[in-house]
Structures are given as C-alpha cells and as structure tokens.
2 protein chains.
Amino acid sequence: MVTFCLLWGVNVERLFRPESIAVIGASDTEGKIGYEAMANAVQFDGRIYPVNPSGSGTVFGEEFVESVTAVDDVVDLALVCVPAAVVPTVLEECGEANVGGAVIYAGGFAEAGGEGEELQAEVAAIASRYDIALLGPNTSGFIAPGGDLFASFAGGVERVPPGDVAIVAQSGGVAHTLAFQALREGRGISAMVGLGNRANVGFEEAISYFDADEETGAIVLHVEGTDRGRELMEACRAATTPVAAYKVGRSDVGEFAESHTGALTGDHELYSAGFSQYGVPTVDSTSALLDAGTALAKSPPSAGGNVGVVTAQAGPGIIISDRIQRRGGTLPPLGEATRERIGEFLPGITYAENPVDTGRPMAEFGDVVASVAEDDAVDIVLVFELFEEALGFPVETLDGLAERVDKPVLFATEGPAETVANELQTLRDADVPVFTSPERAADAAALLARDADDSSADEGREVNADV
Amino acid sequence: MVTFCLLWGVNVERLFRPESIAVIGASDTEGKIGYEAMANAVQFDGRIYPVNPSGSGTVFGEEFVESVTAVDDVVDLALVCVPAAVVPTVLEECGEANVGGAVIYAGGFAEAGGEGEELQAEVAAIASRYDIALLGPNTSGFIAPGGDLFASFAGGVERVPPGDVAIVAQSGGVAHTLAFQALREGRGISAMVGLGNRANVGFEEAISYFDADEETGAIVLHVEGTDRGRELMEACRAATTPVAAYKVGRSDVGEFAESHTGALTGDHELYSAGFSQYGVPTVDSTSALLDAGTALAKSPPSAGGNVGVVTAQAGPGIIISDRIQRRGGTLPPLGEATRERIGEFLPGITYAENPVDTGRPMAEFGDVVASVAEDDAVDIVLVFELFEEALGFPVETLDGLAERVDKPVLFATEGPAETVANELQTLRDADVPVFTSPERAADAAALLARDADDSSADEGREVNADV
C-alpha cells in the first residue's frame with residue numbers, strides 16, 4: 001500500500017492516519033479557527049498538542065506548546081490554523097520537527113492569484129523538501145469518523161457517523177455539505193476530504209489511499225476541474241474500490257470557479273467522456289453522489305443492466321420504472337417460474353409483470369422480493385414500500401439477500417419520519433442500501449445498471465482519453 | 001367560491017371541509033383498513049360515526065352504528081372501507097342519508113379493467129344521482145392537517161404538520177410519499193389528496209377548491225395522465241394560486257400505468273408544452289415538486305429570471321450558479337452601488353460579483369444578503385450558508401426581507417442535523433422558504449425564474465393547447 005502511495009509522489013499515511021496531532025495556532029477564543037479546529041481535534045484518541053507562542057495554560061485540557069519544534073514527541077499531523085502569510089514559516093518548523101502531514105486551512109493562495117500563487121508555490125516547495133503530505137491550502141480539512149479523527153474547523157462534524165463511503169471533494173464547502181447531508185440522512189462515511197487548492201495532495205493520492213483503506217467500500221468524487229485530468233482518470237481506473245464522480249461547472253462559471261480553488265472548471269463534456277471511458281459512473285447532484293456511494297459500497301457488482309422492481313404502491317412504482325428506463329436501465333420481463341411463484345404467494349395480485357405491484361404492503365411482500373431477486377433475468381433489484389407500522393419492513397428477507405443472490409438489492413421507502421428512521425436503521429445495520437425518495441432510488445439503480453454496462457463495454461476497448 | 005366549484009360539476013365543499021364523518025366498514029381489528037381509517041379519523045374535532053352492521057360496542061370510544069342511514073345526524077363525509085363489490089350498495093345508502101362526500105379506498109374498479117370498469121361506472125352514476133363528491137375509488141384518501149382531518153388509512157399521517165402547500169396527486173401512494181417527505185423535511189402542508197381513479201372528483205375540482213382555500217398558498221400536482229387534459233390546463237390557468245406540476249411517465253410504462261389508475265400516461269411532450277403554455281412550471285421529481293410548492297407558496301411573484309446568489313462557501317456557490325444557469329435562470333452583474341456597499345461591509349471579500357462569496361459565514365453576512373436583495377438587477381435571491389453554531393443564521397435579515405423587497409428570497413443550508421433542524425424551524429416560522437441541498441435550492445430558484453419568464457411570455461400569446 002505504501003509503495004503504491006509513493007507512486008503518486010506523496011505519502012499520505014501520516015496525514016490521514018496519524019497517531020499524534022499538533023494544532024498550530026490553537027486558541028481559546030471561541031469562533032476562531034484555532035479554537036474550532038482544537039474542539040474537533042480533541043475527539044481524537046491519540047496525542048494532541050496545541051501550539052501557540054502566545055498561548056498559556058491549557059486549552060481543552062491540553063497544555064500549550066510554544067512551537068511544533070518544541071513538542072517532545074513525533075508529530076504526525078499538523079493542523080495549521082494561521083493566516084496565509086505565516087504559513088511558510090510554520091511549515092518550515094513542521095519540516096524541522098519531522099511532521100508527516102499538514103492541513104492548511106487559510107485562503108489567500110493560488111485562488112487569489114498574483115502573490116497568492118507565489119505563496120502557494122513556496123509552501124508546496126517546503127512541503128516537498130521535507131516530504132510533508134499537505135492538504136490544502138484553502139480547505140476546511142478532513143474527517144475520518146471511524147478513527148475519531150476530525151481535522152476540520154467546522155462545528156458538528158464529530159456527529160457524522162462512521163461508515164463505508166469516502167468523500168473526496170475538491171471544495172471543502174462541498175465536502176462538508178456532503179458529510180452533513182450523510183449525517184442528516186442517517187448514513188455513515190469512512191472519510192470526508194476537502195482537497196482545496198491541491199498544492200501537494202490531489203485526487204490521485206486521496207483515491208489510492210482510500211482504495212487501500214479497509215473501512216472504505218466506495219469512493220465518491222466532487223470535481224470542479226484539474227490540470228491533472230489524466231492522472232485523476234488513471235487513479236480511478238487503478239482503484240479496485242468502486243468510484244463515482246460528480247463533475248460540476250457545465251455552464252459558464254469559469255471566473256468564479258477559478259477564484260475558488262485556483263483551477264478552471266474545464267470542459268464538462270471531456271470529463272464525462274473520460275469518466276465513462278475509465279468506467280466511472282457520474283451523477284449530477286450532491287445527493288445522487290451520496291446515493292451512488294451507498295449503492296456501490298453495499299452491493300456486489302452488477303452483472304448487467306436489467307432491473308427487477310417490486311413495489312407495494314403503484315404510483316411510486318411508475319415513477320421508478322419510468323426513471324430507470326430513462327436513465328439507462330432496462331426492466332426485463334420476469335421468468336415464467338417467477339411469475340408463477342408470485343401468483344402462488346398472491347393470487348389476484350395487482351400487477352405481476354415487471355414492476356411487480358402488490359397493491360399494499362403485506363406479509364408475503366418479502367417472499368415476492370426474494371422471488372424477483374432469484375430470477376436470472378434480473379441483475380439488480382429495487383424494492384419500494386411505503387411504511388406501514390403494522391407490517392414493518394421485510395428485514396428478514398432483505399438481510400443478506402444481495403449476498404445470497406450476488407446482485408445489488410436496493411430498498412426505498414417513505415413514511416412517518418421518526419418511525420421510519422428507526423426501522424431504516426435496522427436495515428442499514430444489516431448493510432441494506434436504503435433510499436428515501438422513489439427518484440433517488442431509481443437513479444441509484446440506473447447508475448448500477450450503467451456501471452455494469454460500462455464494465456463490459458470497457459473490455460478490449462482502447463483507453464486513450466486525454467482529459 | 002361555491003359557484004366556481006359548481007362550474008366543474010361537483011361540489012367538493014362537504015368532502016374536503018366536513019363537520020361530521022362516518023367511517024363505513026369501521027373495524028376494531030388492527031391492520032384492517034376500517035381500523036386504520038378510524039384511527040386517523042378520530043383525530044378530527046367534529047363528530048365521528050363508525051358504521052358496521054356487525055360491529056358492537058365502541059371503537060376508539062365511538063359507538064358503532066348499523067348503517068349510515070341510521071345515523072341521527074347530517075353526515076358530510078363518508079370514508080368507505082368496504083370491498084369493491086359492496087361499494088354500490090353502501091353508496092346508495094350514503095345517497096339516501098344525504099351524505100355530501102365519500103372516499104372510496106377499495107381497488108378493483110377501472111384500473112382492473114372489464115367488470116371493474118362497469119362497477120366504476122355504476123358507482124359514478126350513483127354519486128352523480130345523489131350529488132355526492134366522490135374521491136377515488138382506488139385511493140388512500142386525503143388529509144388536511146390544519147383541520148385535523150385525516151381521511152386516509154395510512155398510519156402516521158396525523159404527524160404531518162399544517163402548512164400552505166396543497167398536494168394533489170393522481171396516485172394515493174405518491175400523495176402519501178409526498179406528505180411523508182414533507183414531514184421528514186420539516187415542512188407543513190395545507191392538504192394532501194390522492195385522486196385515484198377520478199370517477200367523479202378530478203384535478204379540476206381539487207385545483208379550484210384549493211385555489212379558494214385560504215390556507216393554501218401553492219398547489220402542486222402529480223399527474224400520470226388524464227383524458228381531461230384541457231380541463232386540467234384550464235383549471236390551472238383559472239387558479240390565482242400558483243400551481244406547479246410533476247408529469248410522470250416519459251418512457252414506456254403505459255401498460256403498468258393503465259393498470260394503476262385506469263388512465264394512460266399519455267404523451268409527456270404534449271403535457272410539458274401544455275403546462276408551459278398555461279404558465280405552470282414543471283418539475284421532474286417528488287422532492288422538486290415539494291420544493292416548488294415551498295418556493296411558490298412563500299414568495300411574492302418574481303418579476304424576472306435574474307437570480308442574485310450569496311454564498312458563504314465557494315464550492316456550493318459554484319454548484320448553485322452552474323445549475324441555475326443550466327435550468328433557465330440568469331445571474332446578472334450586480335449594480336455598482338451594491339458592489340461598493342458589499343466592499344464596505346467586507347473589505348477584501350473573497351468574490352463580490354454574482355455570486356457573492358463571503359468565504360465563510362460572518363456577522364456581516366445578513367447585510368450582504370440585504371444589499372443583494374435590494375439590487376434592482378436582481379429578481380430572485382438565493383442564499384447558501386453552511387451552518388456555524390457560533391453565528392447561526394441571519395434570521396433578523398431574512399425575516400420579512402422577501403416582503404420588503406417584493407422578491408423571492410430562498411435560503412439553503414446544510415449542517416449538523418439536529419442543530420440545523422432547530423435553526424431552520426425558526427426560519428420556517430418566519431415564512432422563509434428553506435432548502436437543504438444546493439441543487440434543490442438552485443432548482444427552486446430556476447423554477448421561479450422560468451415561471452417569471454413564462455408569465456411575460458404568455459402575454460399576448462395565443463393559448464391553444466390541445467392536451
């Protein structure tokens with residue numbers, strides 16, 4: 001793994017998996033970045049050192065240290081909470097102290113143009129000289145909830161639960177939007193990384209790191225633009241972990257985007273073609289990106305694009321069937337044997353083609369789902385059921401079904417918020433990918449369908465994208 | 001209002017605003033529709049009569065009555081929880097008892113074809129003879145949370161809070177999906193109606209009723225297909241309340257759709273053109289439909305399609321700006337005076353064109369928002385801000401701003417779930433339309449922009465859609 005990381009030039013192990021952290025510019029004044037970063041950092045189980053030459057006493061129970069060079073310990077990760085102009089000096093000290101990784105929160109670098117660009121070049125050179133993996137500048141940081149590691153200055157990130165999707169976003173703001181969205185929807189993540197200006201650590205390093213990370217089952221990317229497009233694509237292809245991407249900036253937002261992370265948003269068509277050629281499914285929203293991560297992380301690969309839909313209500317079933325077909329999936333006829341079995345479970349069933357519509361949730365719903373999942377004509381299963389308290393969800397059927405039939409099985413529902421949230425947690429605990437709108441579930445199924453098509457189409461195709 | 005309703009042939013006043021309710025087929029066996037409907041109905045403040053010839057004693061504290069004709073009171077609304085075959089007899093009795101409205105939950109009518117179609121014709125004839133406004137058959141009913149009226153058999157509907165958006169859905173399942181989604185997202189509704197087979201009460205009657213309803217600020221439609229397309233369009237145009245529509249069934253789901261509510265999904269292009277010509281903005285998902293309702297109900301009409309975007313984080317700002325432009329909105333340059341004022345509030349601001357990017361939430365954020373809102377170049381304002389606990393939201397600025405500048409002002413955020421939910425409630429209480437993903441907020445702003453364009457484009461245009 002380490003060898004592989006070195007291929008990309010920057011070793012991010014000590015950045016993303018530190019045993020000790022220094023918060024440089026730590027502060028006891030609430031609202032300051034040095035305070036907020038410290039508040040999050042102390043969730044970490046390892047050693048924490050607040051560094052500030054003008055600090056005295058303790059902050060969050062940890063004693064202030066004058067300089068990172070004065071820390072009587074190996075510091076793996078430095079969270080640099082100082083203004084842009086001071087960053088080179090601080091980073092030099094990090095180098096002298098043999099720090100392995102640093103997060104630079106400050107803006108005012110390449111994204112500001114002119115002197116900012118020079119400052120960024122200087123910082124990158126220092127990082128390179130001392131072999132420091134540098135995240136940023138101009139980022140709000142990263143988190144890895146499974147390791148209680150919250151290297152972000154945003155309040156509340158410590159509530160994001162651990163899970164198996166790694167979020168790698170070009171923008172720190174989008175990274176946090178995604179992480180908080182995951183939290184709101186009861187989903188966990190293995191990591192959230194805001195790359196910022198990518199002076200040193202870029203998409204490639206993050207992708208190869210999380211590809212090797214045991215907690216990560218899928219990697220989702222937010223991409224504004226990069227001048228290392230080919231390296232990004234190659235990193236996606238080299239990954240054995242599934243990757244999905246959200247490329248933004250289709251219309252003219254070039255100038256604003258450039259002012260953001262110092263990179264042009266580039267040509268959307270080129271990126272789409274590139275991702276498609278390299279087998280990376282793409283989406284068009286933050287929520288679809290999280291949905292893609294959930295579906296990919298929790299599903300066996302799909303052998304094809306044929307989706308079997310089971311619904312307990314016709315209306316949402318129409319929405320789902322329509323949408324899957326519009327977005328690249330197919331609804332094949334079910335096998336004769338499947339239709340017969342369903343007819344045995346449910347004589348006079350409302351609709352027993354594909355979609356299967358049971359008309360209402362019922363005790364036999366799970367058996368119907370299993371029958372469709374076992375049908376050879378079906379590569380992907382999507383189940384929709386409005387929640388009914390008296391029946392609950394077919395948890396026993398769904399638990400382990402995807403593994404048994406070796407196909408993705410997605411579940412979507414809606415119902416009285418709190419009750420459904422509790423019931424959905426049971427399904428999530430059983431590793432069932434769950435969704436809370438018919439369209440989002442349909443889009444996830446269609447993404448798996450397109451992804452399957454992509455894999456087969458890729459075989460024997462000459463890959464020569466220049467993005 | 002009553003006169004207007006009569007124009008459509010069916011008076012729905014006693015259906016949607018009853019003073020007394022009979023639950024026909026009421027049951028004390030949990031899980032049965034007659035039990036679930038009763039459980040919801042008793043939330044109602046008016047008089048409730050459980051009707052069942054084989055019932056004895058009480059159910060939910062109300063004494064069983066043998067027949068609706070034996071009720072010693074005027075019954076406005078009957079919730080008919082009996083199987084299809086018994087419906088004609090029950091409806092005859094309702095007619096004799098001078099019932100004003102009835103909800104028929106049972107399936108097995110036109111959607112089942114053959115004898116079902118005949119049965120539906122019979123039921124429609126009875127309703128017509130006795131002047132009963134009939135919702136369904138084949139529906140899960142309706143709710144009006146402001147009147148504690150829950151004429152649905154779905155558990156949990158009583159938790160949906162009152163609000164100002166009326167949901168009128170062709171499918172009961174989609175109606176409930178939308179209502180529960182509103183609940184999950186902390187939004188209230190004035191009503192949710194599942195039309196089902198529309199034997200008698202259709203889109204037209206529902207639209208004109210909710211247009212006149214004081215609690216309703218916007219009407220959102222879910223449409224599968226209707227052979228009364230022109231009446232639907234005319235009802236939308238006649239409404240002074242804003243209407244938005246979600247037409248499903250773009251790909252080939254005809255056969256399944258027909259089996260659902262007995263209507264073909266029809267030609268999607270024709271509907272789109274029709275809605276556009278009649279000034280009804282359209283969306284492509286359940287969540288976008290609710291977002292449209294929220295934006296339309298809580299906003300003054302937009303004078304044009306120019307959107308001013310203020311963001312506290314660049315990445316989400318890029319997503320929003322890109323998306324608005326792709327979906328029919330424009331981001332105009334801000335006026336010189338606005339840029340100067342923003343420069344005074346925030347010297348060295350990250351980006352002071354449109355979008356305005358403050359780089360982080362800050363105390364001056366509200367002043368920046370107000371400045372953009374006051375700019376004559378701006379017709380619609382969209383604000384995005386990741387939540388920071390230390391600062392909260394600029395509630396003082398946003399409260400009443402839309403009214404003061406007479407423009408839609410939308411607010412979008414994301415942050416640690418529970419904290420944000422509480423803070424958002426404050427904004428909702430101040431009637432600010434709030435959204436929780438950058439894309440959904442951008443889509444809502446673009447919808448208002450397109451809606452404004454539509455109104456001006458409509459002027460002098462010959463309206464001659466034949467849908």
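To find a chain, count down the sequence lines: A is the first, B the second, and so on, and within it residues start at 1.
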Which atom of B:S171 lies closest to which atom of A:P316, heavy atoms considered: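 So the two residues come closest at OG-CD, 4.2 Å.
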Closest contact, heavy atoms only, B:P416 versus A:G155: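 Taking every non-hydrogen atom into account, CG-O, 3.7 Å.
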Any side-chain heavy-atom pair of [X] and [Y] under 4.5 Å:
X      : Y      : result
B:Y246 : A:I319 : yes
A:R184 : B:E414 : yes
B:S287 : A:S287 : no
A:F384 : B:T177 : yes

Could you check which of [options] has the highest count of heavy-atom pairs closer than 4.5 Å to chain A?
options                : result
B:G415, B:P438, B:G107 : B:G415
B:A417, B:S437, B:A442 : B:A417
B:L331, B:L386, B:V160 : B:L386

Chain A contact via B:T436 - side chain, backbone, both or neither, heavy atoms under 4.5 Å: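 Looking at B:T436, backbone and side chain both touch chain A.
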Donor-acceptor contact below 3.5 Å, side chain B:R326 vs main chain A:G249: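 Side chain of B:R326 to backbone of A:G249: no pair is present.
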Any side-chain donor near an acceptor of the partner, A:R323 and B:S285, under 3.5 Å: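 A:R323 vs B:S285: no donor-acceptor pair found between side chains.
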Rounded distance [0.5 Å steps], CD in B:E388 versus CD in A:E36: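 Output value for this atom pair is 7.0 Å.
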Gap separating the CZ atom of A:R159 from the CD atom of B:E418, nearest 0.5 angstrom: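 These two atoms lie 7.0 Å from each other.
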A:Y35 versus chain B, the contacting section by heavy-atom distance below 4.5 Å: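 Interface part for A:Y35: neither.
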Under 4.5 Å from any heavy atom of chain B - which part of A:S140: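 For A:S140, there is no contact with chain B at all, as no heavy atom is under 4.5 Å.
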Greatest number of heavy atom pairs closer than 4.5 Å to chain B - which of A:L178, A:L391, A:V420, A:I33: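 Top count of heavy-atom pairs under 4.5 Å with chain B: A:I33.
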Most chain B-contacting option - heavy-atom pairs closer than 4.5 Å, from A:T413, A:D284, A:I324: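 Most pairs with chain B among the choices: A:D284.
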Contacts of type side chain to side chain donor-acceptor pair (under 3.5 Å), residue B:T286, not counting sequence neighbours: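 With sequence neighbours excluded, B:T286 shows a side chain to side chain donor-acceptor pair (under 3.5 Å) to A:E439, B:Q181, given in chain and number order.
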